[in-house]
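See below for the structure under consideration.
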Amino acid sequence: MGVRNAYVDDDDAAAASSKSSSWFAIFLSSALRTKTLTGSSSDTYIRTPSGEGLVRRLGLFDLILLGIGASIGAGIFVVTGTVARDAGPGVTISFILAGVACMLNALCYAELASRFPAVVGGAYLYTYTAFNELTAFLVFTQLMLDYHIGAASIARSLASYLVTILELFPIFRENIPSWIGHGGKEFFGGALSINILAPILFALLTIILCRGVRESSALNSFMTMTKVVIVLLVILVGTFEVDVSNWSPFAPNGFKAIVTGATVVFFAYVGFDAVANSAEESKRPQRDLPIGILGSLLICAVLYIAVCLVITGMVPYKLLGEDAPLAEAFTSKGLKFVSILISIGAVAGLTTTLLVGLYVQSRLYLGLGRDGLLPSIFARIHPSLHTPVHSQVWVGVVAGVLSGLFNVHVLSHILSVGSLTGYSVVSACVITLRWNDKAANQVSPRWISTWNEGVICLLLVACCGFGAGLCYRFNASFIMLMIVILIAMLGALVLHYRQVYTDPSGFRCPGVPIVPAVCIFFNIFLFAQLHHEAWLRFVVLSIISVGIYAFYGQYHADPSEYGAVGMLYHNIYHLL
């Protein structure tokens, strides 16, 4: 009897082991799937039999304003001054360095936006096409947490600015309680922080976005032009108040303070990727998307640099304020009316940043819903409004709850992880998709495939970027820093000489693979400068994302060009 039980136990163990092995094999097979796209710029990505689908209504001017609206918020009125307190007038160089780094990233985005101009998805879509399904889902979740928390934080700042403007009128002065707009009413030791105005702002913007891209684009265009005009007016008026002696010394704390400033102001440029996510609603995506991405970034860089020169020329850098340095600089010169304009510009800037952020989130959810990685409800498009209403309402509710109940400003130190991760992966996608174009690539040695060799080199560049960032952050020896940089250069050279690349149609990122490799190195260098809690957030969220994918995504995803939901509509359409 004992022998028989032993055999049964062995059989059960073998069956369990086989089942576990089979599940892991299925998981691995699903995780490594890629999405196949033709790169065609057809009129629409998906059209249902009833005519539902996104509509191409965004022209080149709309796309440029979309990029500017996403990038320039209150940061131009705050970050420029706060960084100048450390970097001095050299903050101008900080913005130039950060602008060049972002321009390199934008070149990568521009190539991929031109390559796949007819599909929503941005970084998620590019990763799905170049790498695999699981990596694409991880990129999406990292970006989403950034977007949700960032939107909630911006809404609270916008509510505070609106209350500040209202308090200029005597009837409202000191009569608006904190739980309406300023900060929030705290409960349970600050665990809850009630704010009423922020969720109301989300509700209004969500309604506008649900009404259609024409309405939301019109609001974004109006608000963006308003803030640009105000910024230009600030620059013009401030120019007459500049004292060039305030620019000396130009770098009082040395070049390292300027580089540190560049790592901070880098995030003031973040937002140009929003243009790539509007691919399916652009009238001429293959031509307009690259111009919109690069053009909006260039305009933002010029405005930032001009504001830096003005503010550091008006007031000695040591005297700049912490919270509203630009407004305080004009007030100190007796130009209080300009300070009021700055507050209005900040409201316009935050509104457009919030509007574009919500727009981008809904399109990302739409893409995952179509591919089956999220429930199909996110893929539904309203038949008459032609907007993803369910996705739009979802992102509005999530961000509204966060902004209404929690002080999300304290979570700012775990932000930017998604942006830096997404930018790095997009740069890697440019390189790998160039490989895919050359099926006859047989350069690598026999013991390792061309693909694996290239991926190892990309990972080496990324690891060296993180190592260099740690060396810089913790003041390691210069020799150690140079060794890490040399190893990264070696990896880039291997990518250059041991791979074969082809030029895609449309816009082409110059200097492939060197330029994308530099982007990866610098992005991960910045990643190393983030708070250690941001690193922990990256690891924890990645583990959670893998779990969600393992129990839902892998069973519902369809990496075909139309996606799970789109393929259903496509088949019905052709049957009819």
Side-chain angles (χ1 to χ4, degrees), residues 71 79 83 87 90-91 93-112 123 126-127 139 142-143 146 255-273 293-294 297-298 300-301 304 415-432 457-474 476 478 480-496 509-531 534-535 538:
S71 298
V79 174
V83 175
V91 66
I93 306 300
S94 298
F95 269 97
I96 292 174
L97 292 174
V100 170
C102 280
M103 185 62 71
L104 295 178
N105 281 286
L107 289 171
C108 296
Y109 261 96
E111 174 174 319
L112 297 180
Y126 308 147
T127 308
V139 168
Q142 295 291 347
L143 283 172
D146 267 17
F255 186 71
K256 184 174 181 179
I258 291 177
V259 175
T260 301
T263 64
V264 176
V265 304
F266 176 88
F267 303 105
Y269 290 101
V270 170
F272 59 84
D273 56 320
I293 291 171
L294 298 173
L297 182 58
L298 183 61
C300 291
Y304 279 132
L415 290 178
S416 302
V417 174
S419 298
L420 290 174
T421 302
Y423 286 3
S424 301
V425 175
V426 166
S427 299
C429 288
V430 170
I431 297 176
T432 56
C457 289
L458 289 172
L459 291 174
L460 180 64
V461 171
C463 290
C464 287
F466 189 74
L470 293 179
C471 290
Y472 177 81
R473 178 173 181 173
F474 297 109
F478 180 75
M480 180 69 71
L481 178 61
M482 290 306 301
I483 290 174
V484 175
I485 293 176
L486 288 173
I487 294 174
M489 292 174 63
L490 178 63
L493 289 174
V494 171
L495 285 171
H496 180 70
C509 174
V512 174
I514 303 301
V515 167
V518 170
C519 291
I520 295 171
F521 183 90
F522 187 73
N523 293 337
I524 303 302
F525 178 91
L526 291 180
F527 188 97
Q529 310 307 311
L530 298 178
H531 197 278
W535 304 346
F538 176 81

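Predicted, not measured: the structure shown is a model, and the values here were computed from it. In what follows, every heavy atom counts, from backbone to side chain, and hydrogens, waters and symmetry copies are set aside.
- Judged as a side chain to side chain contact (heavy atoms under 4.5 Å, CB included), and not counting sequence neighbours, the contacts of I514 are A492, H496, V518.
- With sequence neighbours excluded, the residues that form a side chain to side chain donor-acceptor pair (under 3.5 Å) with E111 are R434.
- Listed by chain and number, the residues in a side chain to side chain contact (heavy atoms under 4.5 Å, CB included) with I487 are L460, C464, I483 (sequence neighbours excluded).
- When all heavy atoms of G422 and A123 are compared, the closest pair comes out as O-CB, 4.4 Å.
- Contact detail for V461 and A517: the closest heavy-atom pair is CG1-O, 3.5 Å.
- Taking OH of Y109 as the reference point, atom OH of Y126 lies at 7.5 Å (rounded to 0.5 Å).
- A pairwise comparison of heavy atoms in R473 and H531 identifies NH2-CA, 4.2 Å as the closest pair.
- Scanning for side chain to side chain contact (heavy atoms under 4.5 Å, CB included) contacts around L294 gives M103, A106, L107, A110, F507, with sequence neighbours left out.
- The shortest non-hydrogen separation linking V265 to S94 is CG2-O, 3.7 Å.
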Show which side-chain atoms of residues 465-472 pair as donor or acceptor with protein atoms under 3.5 Å away, not counting sequence neighbours.
from : atom 1 : to   : atom 2 : distance (Å)
Y472 : OH     : K256 : O      : 2.9
Y472 : OH     : T260 : N      : 3.4
Y472 : OH     : T260 : OG1    : 2.6

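- Closest of all the heavy-atom pairs between V515 and C509 is CG1-SG, 4.0 Å.
- Residues satisfying the side chain to side chain contact (heavy atoms under 4.5 Å, CB included) criterion with C102, sequence neighbours excluded, are F266, Y269, F272, L297.
- Judged as a salt bridge (Lys or Arg N to Asp or Glu O under 4.0 Å), and not counting sequence neighbours, the contacts of D146 are R537.
- Each side-chain hydrogen bond (donor to acceptor under 3.5 Å, both in side chains) pair with one or both residues in residues 518-530, not counting sequence neighbours, appears once here: N105-N523.
- By the side chain to side chain donor-acceptor pair (under 3.5 Å) test, T421 pairs with no residue at all, sequence neighbours left out.
- Among pairs with a residue in residues 481-491, none fulfils side-chain hydrogen bond (donor to acceptor under 3.5 Å, both in side chains), at least two apart in sequence or across chains.
- To the nearest 0.5 angstrom, L495 atom CG is 10.5 Å from T432 atom OG1.
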Show me, pair by pair, the donor-acceptor contacts under 3.5 angstrom made by side chains of residues 423-431, not counting sequence neighbours?
from : atom 1 : to   : atom 2 : distance (Å)
S424 : OG     : L420 : O      : 2.8
S427 : OG     : Y423 : O      : 3.0

